[in-house]
Structures are given as C-alpha cells and as structure tokens.
Amino acid sequence: MSEGFPKRLMTKEEIDRALELIRAGYRHQVEIKGSEDFVKAVREALRLVDLAGYGDEVRAYIRAVVEVEGFSQLRPEEATLWVSSGAIGNTVLLASLIVQKALQMKFYLEGKPFYGHICELKTTQAKYEFIRKLREKCEDEDIKKVCDEILSELEASIYDLVP
C-alpha cells in the first residue's frame, strides 16, 4: 500500500491506514466539485465550519464535496459528501450538514454504526452544538438570526428523536 491516504476505504487495511494517518495529523485539502455557485456556497460553508472551530474534524474525515442532482449522502468508501444542488440555499444548514457527515465518516472509520436511529440522534446533537458555537463566534447578524431560527426548530423537534 502507498504511503498516502487510501483512495478507497473499503478493506480493513485501507480503513486502518486512514485512521492511522488521521490520528497522526493528516488532513484533507477538501476538494469541491460542481457549478460555480455550488463551489462558492461550499467555500462559504467551510468558512463557517472553521469559524465555529470544526474545520480540523471536517478536514480529517471529508476528502471531497461533490454537487449532485438528487439526495445528499455520505459516500464513506470515498470519504466524499455528495450534496444536492438544492442544499446550497442556506449556508448555515450546508455547514451543519458537512459537520454531521464528518461525524458519520468518523463513526464509519471507527467501526461504529454510522446510520440509523442512534447515529441520527448523535449527528443531530452535533448539528445543534455546531450551530450554537457558530452563533457564539459569529459577528454577522444575518448568520446569527439564521442560527437562532435553526436552534429554535431543533429545540422544538428534539423530542421526535428520543426513542
């Protein structure tokens, strides 16, 4: 196996190598593939991720963000996040999606459940914490307002997630 980060993350050896590199400090230069508007929105979302203090974790676990038609989804065997072109309308939500998917990718590499009810609860908690921290650290009043709206919605629906 080469010294670099594995191209695919499917075998035990590939996953072990990826974890070893991440634990040693390896971080991806996140590649963004898509339309000009998509690339601009993802860059802004990554700026918000950095502002909230989550940039290191995202760059540890996400290699690329790719624009797709259809549903957004994590492609764990590629460490890639496919994002629906319709998801770029709200940069705060896009940033929170990136943070949630980075956590799912971490679970995948660590051999923990990375989908299902328990994972959904954990990633929703991570989304809440991310948006709360972003709101604390951000000086832009428009972004703070969006954060407040999202936090209110999450607080109102949190009981829907409890088994």
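Since the model is a prediction, treat every value here as computed from it, not as a measurement. All values below come from the heavy atoms of this structure, side chains included, with hydrogens, waters and symmetry mates left out.
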Just by distance, do the side chain of [X] and the backbone of [Y] share a donor-acceptor pair under 3.5 Å?
{"X": "R27", "Y": "I22", "value": "yes"}
{"X": "S72", "Y": "S84", "value": "yes"}
{"X": "Q100", "Y": "K127", "value": "no"}

Using the side chain to side chain contact (heavy atoms under 4.5 Å, CB included) criterion, which residues pair with [X]? Sequence neighbours excluded.
{"X": "K144", "result": "R135, E141"}
{"X": "D16", "result": "K12"}
{"X": "A102", "result": "V58, Y61, I62"}
{"X": "A126", "result": "L103"}

For this session: Output all residues satisfying ring pair (Phe, Tyr, Trp, His ring centres under 6.0 Å) with Y108, sequence neighbours left out; order by chain, then residue number.
Result: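 So Y108 forms a ring pair (Phe, Tyr, Trp, His ring centres under 6.0 Å) with F114.
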
Exercise. Under the ring pair (Phe, Tyr, Trp, His ring centres under 6.0 Å) test, which residues partner Y115, sequence neighbours left out?
Worked result: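 With neighbours one apart ignored, the set is empty.
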
For this session: Look at atom CD of E139 and say whether more than 12 heavy atoms of other residues, nucleotides or ligands are closer to it than 6.0 Å.
Result: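 No, because the 6.0 Å sphere around CD of E139 holds 12 heavy atoms or fewer from other groups.
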
For this session: Step through the shown structure and confirm whether more than 12 heavy atoms of other residues, nucleotides or ligands are within 6.0 Å of CD on E20.
Result: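 Yes, because the 6.0 Å sphere around CD of E20 holds more than 12 heavy atoms from other groups.
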
Exercise. Should V42 and V30 be marked as a side chain to side chain contact (heavy atoms under 4.5 Å, CB included) after you check the CA-CA gap, both sets of side-chain angles, and the distance that decides it?
Worked result: CA-CA 10 Å; V42 172; V30 178; 5.7 Å; no

Exercise. With clusters built from Ile, Leu, Val, Met, Phe, Trp and Tyr whose side-chain heavy atoms come within less than 4.5 Å, directly or transitively, what are the remaining members of the cluster of W82, listed by chain and number?
Worked result: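 Result for W82 is V66, V68.
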
For this session: Please step through side chain to side chain contact (heavy atoms under 4.5 Å, CB included) for the pair V92 and E149, ending with a clear verdict.
Result: CA-CA 11 Å; V92 174; E149 291 168 4; over 6 Å; no

For this session: Would you give the length of the straight line joining atom OG1 of T124 to atom NZ of K122, rounded to the nearest 0.5 angstrom?
Result: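 It comes to 12.5 Å.
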
Per the salt bridge (Lys or Arg N to Asp or Glu O under 4.0 Å) rule, what does the pair list look like for [range], sequence neighbours excluded?
{"range": "residues 64-79", "value": "R8-E78, R75-E77"}
{"range": "residues 35-44", "value": "E44-R47"}
{"range": "residues 79-102", "value": "none"}

For this session: Before accepting this row, confirm whether a basic side-chain N of the pair K133/E136 lies closer than 4.0 Å to the acidic partner's carboxylate O.
Result: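 No salt bridge links K133 with E136.
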
Problem set entry | ring-ring contact (aromatic ring centres under 6.0 Å, His included) contacts in which one or both residues fall within residues 130-155, not counting sequence neighbours |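 Sorted result for residues 130-155: Y54-F130.
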
For this session: Using the ring-ring contact (aromatic ring centres under 6.0 Å, His included) rule, collect all pairs that involve residues 19-53, keeping only residues at least two apart or in two chains.
Result: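 Counting only pairs at least two positions apart or across chains, the ring-ring contact (aromatic ring centres under 6.0 Å, His included) contacts touching residues 19-53 are F5-Y26, F5-H28, Y26-H28.
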
